[in-house]
K.L.:
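First the structure, then my questions, so here it is.
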2 protein chains.
Amino acid sequence: MTPDIVSGVTQPPPRRPRKRSATRSVTLSDVAAAAGVSAQTVSRVVRDPMSVSDETRARVQAALTATGYVPNLAASNLASNRSRTVAALVPQINASVFADTVHAFSTALAAHGYQIFVGTTDYRPEHEEEVLRSFLGRRPDGLLVVGTRHTPGTLTLLGAAGVPVVETWGWSEDPVDLLVGFSNAAAAAAMVDHLVRRGRRRITFAGRHTSGDPRAAERLDGYHGAVRDLLGSEPRTVDAGPEPVTMDTGVALLDLALERYPDSDAVMFSSDVFAAGALQACVRRGVDVPGTLALAGFGDFELARHLVPALTTVAVPSVRIGELSAELLLTRMRGATVDVPHRDVGYRVVAREST
Amino acid sequence: MTPDIVSGVTQPPPRRPRKRSATRSVTLSDVAAAAGVSAQTVSRVVRDPMSVSDETRARVQAALTATGYVPNLAASNLASNRSRTVAALVPQINASVFADTVHAFSTALAAHGYQIFVGTTDYRPEHEEEVLRSFLGRRPDGLLVVGTRHTPGTLTLLGAAGVPVVETWGWSEDPVDLLVGFSNAAAAAAMVDHLVRRGRRRITFAGRHTSGDPRAAERLDGYHGAVRDLLGSEPRTVDAGPEPVTMDTGVALLDLALERYPDSDAVMFSSDVFAAGALQACVRRGVDVPGTLALAGFGDFELARHLVPALTTVAVPSVRIGELSAELLLTRMRGATVDVPHRDVGYRVVAREST
DNA sequence: AGCGCTATCGCTAGCGCTAACAACAGTCTC
DNA sequence: GAGACTGTTGTTAGCGCTAGCGATAGCGCT
């Protein structure tokens with residue numbers, strides 16, 4: 001059987017086949033052998049069943065279930081240069097409005113066969129860069145990030161990724177690519193306006209604006225501007241520093257605000273979580289809300305309307321942001337162009353009992 | 001140069017090289033060329049820098065940053081048959097104690113170079129199977145699932161995955177593999193015991209136990225047993241059906257409980273979210289809690305201790321579950337054996353003002 | 001000098017899949 | 001009946017990386 005050695009040509013030394021750690025799982029070829037077709041045909045059945053004949057499809061599908069085939073997406077990604085995944089980078093996922101955005105985003109993209117992987121930055125910009133870098137190793141077909149302010153390193157990575165990017169939950173005159181958001185500054189200013197209309201004059205802003213939450217910092221800017229324009233008085237602000245976004249921190253912020261500005265007649269927080277903690281502390285201490293002190297939050301969590309008194313807050317279309325982001329990203333991933341790549345989804349001051 | 005054609009063998013027609021969509025990104029070979037070494041050496045620098053000489057390492061690392069190389073993990077997975085990822089399957093991620101578990105799990109594993117991807121089942125068992133299937137396509141090195149009751153299809157997939165699996169947040173005499181949890185039934189029984197000690201006799205259980213939340217169903221079982229043993233009376237239960245786990249649903253459950261069992265002197269809910277909604281509704285309506293009606297939740301969310309009156313609940317070591325799961329999984333992924341593969345982390349009834 | 005050892009680096013052959021063709025049968029057109 | 005076209009399947013050559021060697025140089029020892 002073995003053909004003669006061609007004279008003059010030195011035969012390569014006989015190699016025993018390398019042993020590789022045998023993969024335990026069923027491959028396309030296994031299914032192909034079982035169905036009596038080529039691997040390519042099985043691949044077609046998996047990805048686009050209508051591209052093969054009825055008879056073949058039935059046979060392959062039977063083999064597919066019989067063998068319990070699970071496609072190896074790493075191999076698929078490598079061969080096709082498409083990962084069918086989208087990465088989302090959010091500051092925090094638990095107990096947060098970002099969860100609604102991510103959920104809507106995820107659902108909309110899942111309907112088109114995309115998987116989403118979510119990374120949290122814990123409000124630390126340098127961590128954002130690290131997480132982004134490790135995510136890019138999976139070669140996502142698109143990216144969603146929360147916020148419009150990024151480190152130079154992050155901007156470089158986003159640019160070099162070569163895929164569509166949506167920035168969300170903020171507004172910018174100079175976005176990286178796509179943008180679905182609203183002006184945090186305008187929203188905070190609208191809240192100040194609401195409080196002023198309700199007769200408040202000594203409004204304190206309490207947030208976590210110095211330690212890596214650019215949205216809170218933007219809201220602070222809006223507060224500053226509105227206080228200057230509407231009241232002409234000095235701003236009054238307290239900051240939670242690096243404390244986590246919890247109700248406990250909200251109580252601490254309230255104490256800080258009342259200590260530093262004892263004559264405050266309103267405190268507006270950079271998050272409903274803070275405001276909810278402060279509100280319950282007031283109820284417990286017998287402080288009359290809104291009689292003595294008005295309180296307002298940001299985000300319109302479900303909790304806000306259930307609290308007694310119900311919490312005034314700024315509603316942001318979190319779900320809409322997720323849906324719209326998915327829509328724009330899908331268009332771009334299909335290779336089409338997006339006519340209006342920057343979308344302002346707005347906000348809404350929801351006046352309730354706490355003011 | 002071209003060797004003569006062997007007679008009788010027809011030469012294959014000359015092919016022009018196939019064009020593949022040129023990948024835009026920097027590869028190992030690009031870096032290798034820039035550093036004047038082989039691709040293999042660059043790979044070594046990336047994965048285990050100490051395995052090359054100081055001089056070479058410095059040169060390669062310079063090339064690495066100069067080119068902006070980002071490794072292609074799909075190719076790495078394929079070649080090494082290891083994905084350095086772990087998949088986690090939870091019912092819901094937002095506003096939930098599972099978020100704490102996932103966060104702790106994720107942090108512990110990230111320290112060892114693993115990435116976690118999280119899938120949510122929305123409390124739909126059939127969805128669990130689907131999500132699991134698509135996750136297995138990424139060939140995770142380990143799996144975490146919430147719960148110990150699974151569909152036959154899920155069990156098959158878990159078994160066939162060939163990687164370590166941790167079940168969490170439940171207890172079972174017959175786990176798939178590893179287990180880090182506690183008995184939901186015992187926890188619910190302990191809550192009944194607590195309520196009985198506080199003098200309650202007409203205790204109603206309100207939950208979402210018929211539609212895909214096995215934990216709630218287990219808690220219901222524990223309630224049944226405890227009511228039989230301690231009170232000898234008929235169980236009183238109301239069910240939310242497929243409604244989402246929200247505070248709104250909690251209010252609806254309260255109404256249902258009071259309509260069906262108007263003489264209830266205590267309502268225990270299968271989640272703090274439900275209990276919080278119900279509690280605030282009582283406050284708003286002027287129902288005396290705990291004077292007229294005692295309310296209890298499950299999970300010990302941060303909210304529970306801030307509410308007025310503070311909510312009695314069952315504290316579960318969510319963070320510990322995540323940490324311990326990561327620990328056991330890491331041991332198994334290293335190839336070592338776990339001495340005690342099933343760990344009961346316990347629970348704790350936290351008595352507060354609402355009872 | 002000759003031997004065995006270690007440290008360092010390169011070469012080769014895949015991992016499982018899909019893009020880009022090629023091959024062929026059947027259908028339609030003039 | 002030749003030519004063009006369509007639908008279906010197979011063949012080939014990678015995608016970017018790493019396992020498993022092999023090759024080489026430098027070292028200490030006999």
Side-chain angles (χ1 to χ4, degrees), chain A residues 12-33 35-60 64 67 69-84 136-139, chain B residues 12-33 35-60 64 67 69-84 136-139:
Chain A
R15 302 177 160 285
R16 44 213 156 101
R18 309 283 175 87
K19 270 205 302 262
R20 282 220 119 160
S21 56
T23 163
R24 53 199 175 283
S25 48
V26 180
T27 71
L28 265 192
S29 329
D30 295 335
V31 181
V37 296
S38 74
Q40 180 63 234
T41 298
V42 180
S43 171
R44 286 191 185 104
V45 172
V46 171
R47 287 180 299 149
D48 181 14
M50 284 310 139
S51 64
V52 301
S53 68
D54 294 356
E55 197 261 342
T56 308
R57 178 167 2 100
R59 207 142 40 88
V60 171
L64 241 22
T67 53
Y69 174 72
V70 177
N72 185 325
L73 298 182
S76 170
N77 298 354
L78 190 58
S80 67
N81 202 27
R82 299 187 50 216
S83 65
R84 290 231 155 237
L136 289 181
R138 307 212 171 270
R139 299 291 189 272
Chain B
R15 306 176 157 284
R16 45 213 155 104
R18 310 280 176 90
K19 269 202 307 255
R20 281 221 122 158
S21 58
T23 162
R24 55 200 173 280
S25 50
V26 181
T27 71
L28 267 192
S29 328
D30 296 334
V31 181
V37 295
S38 73
Q40 180 62 232
T41 299
V42 179
S43 172
R44 286 189 186 105
V45 172
V46 171
R47 287 180 298 149
D48 180 15
M50 285 308 137
S51 64
V52 302
S53 69
D54 294 356
E55 198 261 341
T56 307
R57 180 168 358 104
R59 207 141 41 88
V60 171
L64 240 22
T67 53
Y69 174 70
V70 177
N72 184 325
L73 298 181
S76 171
N77 298 354
L78 190 58
S80 68
N81 202 26
R82 299 187 49 215
S83 66
R84 290 232 155 235
L136 289 181
R138 307 210 171 270
R139 300 291 189 269

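In what follows, every chain begins at residue 1, and chains take the letters A, B, ... in the order their sequences are listed.
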K.L.:
Search all heavy atoms of B:Ser83 against all heavy atoms of B:Arg139 and return the closest pair with its distance.
P.N.:
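It is OG-O, 2.7 Å.
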K.L.:
Counting N and O atoms only, with roles assigned by atom type, does the side chain of A:Arg57 sit under 3.5 Å from a partner on the main chain of A:Pro49, one being a donor and the other an acceptor?
P.N.:
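Judged by distance alone, yes, a pair lies under 3.5 Å.
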K.L.:
Compare side-chain N and O positions of A:Ser53 against OP1 and OP2 of D:dG7 and report whether any pair is under 4.0 Å apart.
P.N.:
no
K.L.:
Checking side chain to side chain contact (heavy atoms under 4.5 Å, CB included) between B:Val31 and each of B:Leu64, B:Val37, B:Val45, which is the one that passes?
P.N.:
B:Leu64
K.L.:
From CE of A:Met50 over to C1' of D:dT8, roughly how many Å is that when rounded to an integer?
P.N.:
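Value for this atom pair: 15 Å.
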K.L.:
Taking a pair as Watson-Crick or G-U wobble with both distances under 3.5 Å, which nucleotide is matched to D:dT30?
P.N.:
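C:dA1 - that is the nucleotide pairing with D:dT30, both distances being under 3.5 Å.
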K.L.:
Does B:Ser80 place a side-chain N or O at less than 4.0 Å from the phosphate oxygens OP1/OP2 of D:dC17?
P.N.:
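Negative; the distance criterion is not met.
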K.L.:
Taking atom CG of A:Leu28 and atom OG1 of A:Thr67, what is their separation to the nearest 0.5 Å?
P.N.:
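It is 9.5 Å, given to the nearest 0.5 Å.
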K.L.:
Roughly, in whole Å, what's the span from CD in A:Gln40 to C1' in D:dT11?
P.N.:
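To the nearest whole Å, that distance equals 9 Å.
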K.L.:
Mind checking A:Ser51 for me? I need base, sugar-phosphate or nothing, with any heavy atom below 4.0 Å counting as a touch.
P.N.:
nothing
K.L.:
Return no unless some side-chain N or O of A:Thr41 is found under 4.0 Å from OP1 or OP2 of D:dG10.
P.N.:
yes
K.L.:
D:dT9, OP1 or OP2 - any side-chain N/O from A:Ser38 closer than 4.0 Å?
P.N.:
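Checking A:Ser38 against D:dT9: no side-chain N or O falls below 4.0 Å of OP1 or OP2.
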K.L.:
A:Arg84 has an atom CZ; how far is it from atom P of D:dC15, in whole Å?
P.N.:
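It is 22 Å, rounded to the nearest whole Å.
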K.L.:
Give the rounded distance in Å between these two atoms: CZ of A:Arg138 and P of D:dC15.
P.N.:
21 Å
K.L.:
Quick one: pull up CG in A:Leu78 and CG in B:Asn72 and give me the separation to the nearest 0.5 Å.
P.N.:
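Answer rounded to 0.5 Å: 6.0 Å.
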K.L.:
Between B:Arg47 and B:Ala74, just flag the one whose closest nucleotide in DNA chain D comes earlier from the 5' side.
P.N.:
B:Ala74
K.L.:
Between D:dC17, C:dC17, D:dA19, which nucleotide has the shortest distance from any of its atoms to the side chain of A:Asn72?
P.N.:
C:dC17
K.L.:
What is the distance from CZ of B:Arg44 to C1' of C:dA7, rounded to the nearest Å?
P.N.:
11 Å
K.L.:
If you assign B:Asp54 and A:Leu28 each to the DNA chain C nucleotide with the nearest heavy atom, which residue ends up on the more 5' nucleotide?
P.N.:
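Looking at the nearest nucleotide for each, B:Asp54 comes out on the 5' side.
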K.L.:
OP1 or OP2 of D:dC17 versus the side-chain N and O atoms of B:Ser43: is any pair under 4.0 Å?
P.N.:
no
K.L.:
Measure from CZ on A:Arg82 to P on C:dC17 and round the result to the nearest Å.
P.N.:
17 Å
K.L.:
If I take atom CG in residue B:Asp48 and atom C1' in nucleotide D:dT18, what distance separates them, rounded to the nearest angstrom?
P.N.:
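Roughly 13 Å, once rounded to whole Å.
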K.L.:
Between atom CG in A:Asn81 and atom P in C:dA20, what is the gap in whole Å?
P.N.:
11 Å
